[in-house]
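Written below as structure tokens is the structure these notes are about.
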2 protein chains.
Amino acid sequence: MNSKVNPNIRLEDLARALKLSIATVSRAISDSPRVKPETKKRVKAMAEKMGYRPNQIAKSLSSGKTNVIGVIIPRYDEPFFIEVCRGIDHIARKYNYRIVISSSRNSYKFEKENTFAFEKGVVDGVIMSFTHHTKTFTHVDEMISRGLPVVLFDNVSSKIKGAAHVIIDDYESAFQATDLLIKENNKSIGYISGTVMKTVFNKRFDGFKEAHIRNNQVYDEKHILNCKSIHQEHEYREVYNFLNKLEHMPNAFFCSTDNYAMLTIKALIKLGYKVPRDVKVMGFGNLHYSSMFTPELSSVSQPSFYMGEVSAEILISKIEKDYYFEDGKDEVILPTKIVQRETTR
Amino acid sequence: MNSKVNPNIRLEDLARALKLSIATVSRAISDSPRVKPETKKRVKAMAEKMGYRPNQIAKSLSSGKTNVIGVIIPRYDEPFFIEVCRGIDHIARKYNYRIVISSSRNSYKFEKENTFAFEKGVVDGVIMSFTHHTKTFTHVDEMISRGLPVVLFDNVSSKIKGAAHVIIDDYESAFQATDLLIKENNKSIGYISGTVMKTVFNKRFDGFKEAHIRNNQVYDEKHILNCKSIHQEHEYREVYNFLNKLEHMPNAFFCSTDNYAMLTIKALIKLGYKVPRDVKVMGFGNLHYSSMFTPELSSVSQPSFYMGEVSAEILISKIEKDYYFEDGKDEVILPTKIVQRETTR
DNA sequence: AAAATTGCCTAAAACGTTTTCGAAAAATTC
DNA sequence: GAATTTTTCGAAAACGTTTTAGGCAATTTT
């Protein structure tokens, strides 16, 4: 069912028009040294004149390369992931790659589907971050064993060998943030986060605990919330109810996400507290709207755009130079930075 | 340079193992009625056993279909576009398509590049929204004339024939929003927006004006701001300075975007005004974080997700059924809804 | 002047499918 | 049991490239 309807011109048409062979035309187009400059000129002029555009599909089939990078993120509607994608895209373009973004819609099943879709020689490599439901990794192992370069970022797993990891030090960052809150004389600090299924959240909580231990301060279990809801509205109710039932309100909250920080602030205000006067709040992620929020949000700044850039650089070097990090060195840890704005002042 | 390294198995391997022809195996895999059920079973069992996965590239080359939809948006970091993409993706999956999202990074040059990349038989159709710098449309005309189905959404142009348009009635929506503000007894209303280059902004301003005319109310030219900046920070300064210099503060502002609404509120609060007590604010877009904002933002709700869904439905029907809207009927106008939350109470 | 080298080009195979055309086998009809 | 129809399968062309292997002419080396 090859629709002869669109009159796309092919190498063969150029060859005929120029009285050359297809091979020569192909080589001329791709600037091979094996064709004489004058001929190249002729070919290129004719290609321009006839409006020739190479058929990428045929190219891919023949060369085995697609110049496409597959990206799998847990969801589209989290600005962090979009920022990472922007970073990936930025580097991809630089090296003449395009990216295909797939969302797992927070489901292990869809994530697996996405990896299968990417296996089929449609992409040259894959950059991905796991959903927090992902506990087995055979789908990734399969990609790797088929020779597809893979780079993992953000929510990764150390169980996977043969893929590079690009992460931040969640533990250390959370430690620093909490340490700062403690040093600024907040005697009791709460922690608000999401599902305990997500390993990054656990690491952040570990950092939170460690900061308390090292400063000889104790936190109250009653001040810890791990939301179970998924939707914004429900999460807000959960946070609100939690805060509402507290007998004693902490001086500050460390939230594992800017989103939770915003919900927390909103609930605090509803409950009649002033932020930061009565309660201070520290977020995590430093999304671009953190600074638009009123009051402006203090946050652990995660280099999301840069994280995408680094992931893409590594992936492309894997693809092109067949260059693999040796074992143990395949982990890149990106620095974070605490940005103090109004909510902790 | 076909790397024999990955042992992907092909139809030929299946055929050999089953002592059948490639043709039969191909047909069995794709459930053609021309092969006996029993043979199908055998083929499918063997395919499963040997881990066969069809090569999509070869499939595309042969069939002339890629099952990929190209999406071009002005920028990644605007939640509205991401929402639209989610909608597109939702429908695309339903019909077994994948989407490739490209950002024009707010540049006409990149937009054109993106359309060229999509022309090359890599996609079956294109869904796009223009940057506000886009004034000529030959790149789109070229796609259409090559037989590539195109659907335009949001920021479109009526100059383009042969592409469907999916839009909201910016004029009417802005009219309704302003009308409501007037009816609720706001005697003077300001308007805060972005560059006048963007036609949707102009239409929204027209609606704003019309509501005044019909209600016999006048607005003050001094209360109109069209920001020229691009970056958040600068825009905020611009809004702040504008408000700061106002001799007389209006009772309410209609903002052409939720983003502007947030900046406006932030500036108002900084200047010591209470929202909504002193000044009311109405946004446009109803992004998912409008409700997380404190105070919660009133906004014209734009069905962004749905807009994506509709665009995808139209595109796919164009692709599959060769079904084209007849002239004049190729425009779908989606309804908006005013969501009153705290900032106008 | 013969031999070797270089520069420029071509024919044809290969990539892995789909699909057309047709043939053989099986089932049905007379 | 022959003729017809239906079912089932196979050979080969096609999709548009890249690349291998090689050929011919011009140039350089012996």
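Here is the naming used below: chain letters follow the sequence lines, and residue numbers restart at 1 for every chain.
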Examine C:dT18: is either OP1 or OP2 under 4.0 Å from a nitrogen or oxygen in the side chain of B:Ser63? Give yes or no.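 So the side-chain polar atoms of B:Ser63 never come under 4.0 Å of the phosphate oxygens OP1 or OP2 of C:dT18.
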Measure from the side-chain heavy atoms of [X] and tell me the nearest of [options].
X	options	result
B:Arg10	C:dA11, C:dT17, D:dT17	C:dT17
B:Pro37	C:dA11, C:dG16, D:dT8	D:dT8
A:Arg27	C:dT17, D:dA11, C:dT10	C:dT10
B:Ser26	C:dC8, C:dT18, C:dT10	C:dT18

Please identify each residue that fulfils salt bridge (Lys or Arg N to Asp or Glu O under 4.0 Å) with B:Lys94, with sequence neighbours left out.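 Counting only residues at least two positions away or on another chain, B:Lys94 forms a salt bridge (Lys or Arg N to Asp or Glu O under 4.0 Å) with B:Glu313.
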Partner residues of A:Arg16 under the salt bridge (Lys or Arg N to Asp or Glu O under 4.0 Å) criterion, sequence neighbours left out: A:Glu12, A:Asp13
Near DNA chain C, under 4.0 Å by heavy atom, which residues of residues 11-23 of chain B? B:Leu11, B:Ile22, B:Ala23
What protein N or O atoms touch nucleotides 22-24 of chain D N or O atoms at under 3.5 angstrom, if any, and at what distances?
unit_1 : atom_1 : unit_2  : atom_2 : d
D:dG22 : O6     : A:Arg34 : NH2    : 2.7

Who pairs with A:Asn96 by side chain to side chain contact (heavy atoms under 4.5 Å, CB included), at least two apart in sequence or on another chain?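 Per chain and number, A:Asn96 pairs via side chain to side chain contact (heavy atoms under 4.5 Å, CB included) with A:Asn67.
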Across the strands shown, which category fits A:Ser30 at heavy-atom distances under 4.0 angstrom: base, sugar-phosphate, nothing?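 Result for A:Ser30 = nothing.
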Pairs involving residues 72-82 of chain B, ordered by first then second residue, that meet side chain to side chain donor-acceptor pair (under 3.5 Å) (sequence neighbours left out): B:Arg75-B:Asp77
